[in-house]
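Counting starts at 1 for both ligands and their atoms, in listed order. Each residue takes its place number in the sequence, starting with 1.
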Amino acid sequence: MTQNTKPTALVLIFGATGDLAKRKLFPSLYNLFTKDKLGSFAVIGIARRTLTSDEFRENVKDSIKDLNGTDENLEDFVSRFHYHSHDVTDSSSYAALKKLASQLDSQYHLNENRIFYLAMAPEFFGTIAEHLKSDHLTDVSGFKRLVIEKPFGHDLSSAQHLNNQIRTAFAEEEIYRIDHYLGKEMVQNIEVIRFANAIYEPLWNNRYISNIQVTSSETLGVEERGRYYEKSGALRDMVQNHMLQMVALLAMEPPIRLTTEEIRSEKVRVLRALRDFKGEELKDYFVRGQYGKGTIDQTDLPGYREETMVDPESNTETFVAGKLMIDNFRWAGVPFYIRTGKRMQEKSTKIVIQFKDIPMNLYYETEKKVSPNLLVIHIQPEEGITLHLNAKKSGQQTEATPTKLSYANKGVNGINTPEAYEKLLFDCLRGDATNFTHWDEVALSWAFVDSISEVWEKDKEQSFPNYVSGSMGPDAADTLLEKDGFHWWPISDLDVEQC
Ligand code: BG6
């Protein structure tokens, strides 16, 4: 239930000396604090390393030094941070943590509201959740919530196992599974664009839409994450979560109310309707790629197999393109094409909704077909919406020329900023789980992805590496659409004009 008053809670961050805490969580909390959105709060930073609270506060200060705020704000903010050096498997360590938590509860009047944020290696998620219960940290009179980062398991069975572990300590409605794409402004805007405009929803179906394309491309490679990525690949890293979540938002039926339960249940229905591809037929629907050497911004870059912690004969995919079919009345016959990859030409996430051609082309533009109408949703780095229309070419009698209506929503902080985390943290503090993934969504997404990875794991891809760093992926990704008479809309041509 969403509260209107400013949220009050003790936030316990496991993994407080890690990258996520430093880059996203501390800046997000600080932004919420300076915007005066928080009630009373305190934070316990928890990690293995031995640190004093003062040293920890210095780390926190360092992570927020570039953000707006007064010195007074900053001191008040960091004074609420406390540090606990912790062994995740040792009950006595949890007992000391419990003591500190109770002390801060009374000191800051936190009503025993607790948020446990697991910002650390997933292999400890289950152990921590079980200890929180058995060592009584979850015995509180206020609310208790668990925030959990991806990856949520490696496949359906490991995700199920993890879920069973965390469910021993937390009820489903107390679990906030982060998918940071759901915190992005324009991803949240999908629902509003669809359900707050009378002009789109009547056209939002297989009668008027020919295909939908969702691209999330990155220029970065695997950086220092080779060990994780080798086991994950683009399919588990991006498709199982972010890509399927965007598809679910695009394809879902209008919920009867904008409540967490209604929205989630509509998304679940989309995931249930995803067509499952068996064995050989997968080739017609999914394409994988792995980057080789190449150049981006005049810098020569190594291929994936040359990256640190990567097997020189690795079969891991760094690119996936797929054609999803949603077998329900609304979407029968409409392909949802998705593609995502590392070391691509540019960093961009865009959704293109391509409308069907007009029944009869009366307007010729130098013998060319009239361009189809496109609705482009710019998720990042630009944020906005563009509607591609045709209008009369000035001066000519009947010729049509493509034109664009653009709405640019200037991103506050650019790419992958604390912005998404700020919103998600605030939602969690207020008890709004809408933009977090429910177990049913996680399970269905894994089941879908497992059926692909099972085929890929058996069948080693012989052509790896099959795309050059700095390109838009392997040729097969283009063929996937060409077979259906479509093509990927070049993302660089679709830029939203700044207003
Ligand atoms: C993460 C993946 O979930 O999303 C990363 O693990 C990826 O591999 C990142 O780089 C992309 O996020 P964004 O917000 O930069 O598009």
Side-chain angles (χ1 to χ4, degrees), residues 15 18-21 23-25 27-28 118-122 125 147-154 159 176-190 214-247 249 288-291 296 301 304 307-310 314 316-320 338-351 377-383 411-425 435-437 441-442 445-446 449 453 469 473 491:
D19 204 43
L20 181 77
R23 284 193 306 120
K24 314 257 165 114
L25 307 185
S28 301
L118 307 191
M120 57 183 310
F125 290 170
V147 186
I148 194 160
E149 283 285 335
K150 69 179 273 259
F152 197 90
H154 176 75
Y176 289 68
R177 297 179 194 81
I178 294 245
D179 182 318
H180 77 280
Y181 268 55
L182 297 182
K184 291 185 190 283
E185 184 61 28
M186 290 305 295
V187 172
Q188 296 188 351
N189 219 328
I190 295 173
V214 185
T215 299
S216 192
S217 59
E218 295 185 76
T219 49
L220 289 180
V222 282
E223 313 304 295
E224 293 84 40
R225 296 164 74 220
R227 191 204 300 264
Y228 152 75
Y229 202 83
E230 273 287 89
K231 290 200 227 106
S232 136
L235 185 66
R236 293 186 172 94
D237 188 48
M238 291 291 291
V239 176
Q240 185 270 339
N241 37 67
H242 314 318
M243 302 303 281
L244 288 182
Q245 282 293 322
M246 286 191 282
V247 168
L249 288 169
R288 57 187 151 160
Q290 186 191 78
Y291 63 83
I296 301 182
L301 296 160
Y304 177 69
E307 302 275 18
T308 29
M309 313 293 285
V310 168
S314 175
T316 301
E317 78 288 347
T318 61
F319 172 97
V320 174
I338 56 168
R339 69 180 159 166
T340 182
K342 299 226 175 260
R343 283 269 192 263
M344 292 173 67
Q345 193 183 320
E346 63 181 278
K347 169 80 188 170
S348 169
T349 304
K350 282 191 174 59
I351 297 167
I377 304 177
H378 306 260
I379 308 285
Q380 62 183 18
E382 294 178 305
E383 296 183 347
V412 186
N413 284 319
I415 306 164
N416 204 12
T417 58
E419 173 72 350
Y421 271 84
E422 191 181 315
K423 284 198 229 169
L424 294 175
L425 258 172
N435 291 313
F436 295 81
T437 43
E441 296 170 70
V442 175
S445 304
W446 272 126
V449 156
S453 52
S469 285
I491 49 171

Identify the two heavy atoms, one from [X] and one from [Y], that lie closest to each other, and give their separation to 0.1 Å.
| X | Y | answer |
| --- | --- | --- |
| A21 | P27 | O-CD, 4.0 Å |
| S469 | I296 | C-CG1, 4.2 Å |
| F125 | M120 | CE2-O, 3.3 Å |

Under 4.0 Å from a heavy atom of [X]: give me the atoms of ligand 1 that qualify, with their elements.
| X | result |
| --- | --- |
| K342 | 5 (C), 7 (C), 8 (O), 10 (O) |
| K184 | 13 (P), 14 (O) |
| K150 | 1 (C), 2 (C), 3 (O), 6 (O) |
| H180 | 1 (C), 3 (O), 4 (O), 12 (O), 13 (P), 14 (O) |
| Y181 | 12 (O), 13 (P), 14 (O), 16 (O) |
| D237 | 2 (C), 5 (C), 6 (O), 8 (O) |

Purely on distance, is any nitrogen or oxygen of [X] under 3.5 Å from one on ligand 1?
| X | value |
| --- | --- |
| Y228 | no |
| E218 | yes |
| S216 | no |
| Y229 | no |

With salt bridge (charged side-chain N to carboxylate O under 4.0 Å, His left out) as the criterion, how do E185 and K423 come out once you've worked through the C-alpha distance, each side chain's angles and the decisive distance to 0.1 Å? CA-CA 9 Å; E185 184 61 28; K423 284 198 229 169; 2.5 Å; yes

If we check side-chain hydrogen bond (donor to acceptor under 3.5 Å, both in side chains) with H242, which of these qualifies: D237, T349, D179, T340? D179

Excluding sequence neighbours, so at least two apart, what forms ring pair (Phe, Tyr, Trp, His ring centres under 6.0 Å) with Y176? F436

Considering residues at least two apart in sequence or located in another chain, which fulfil the side chain to side chain donor-acceptor pair (under 3.5 Å) criterion with S314? E230, T316

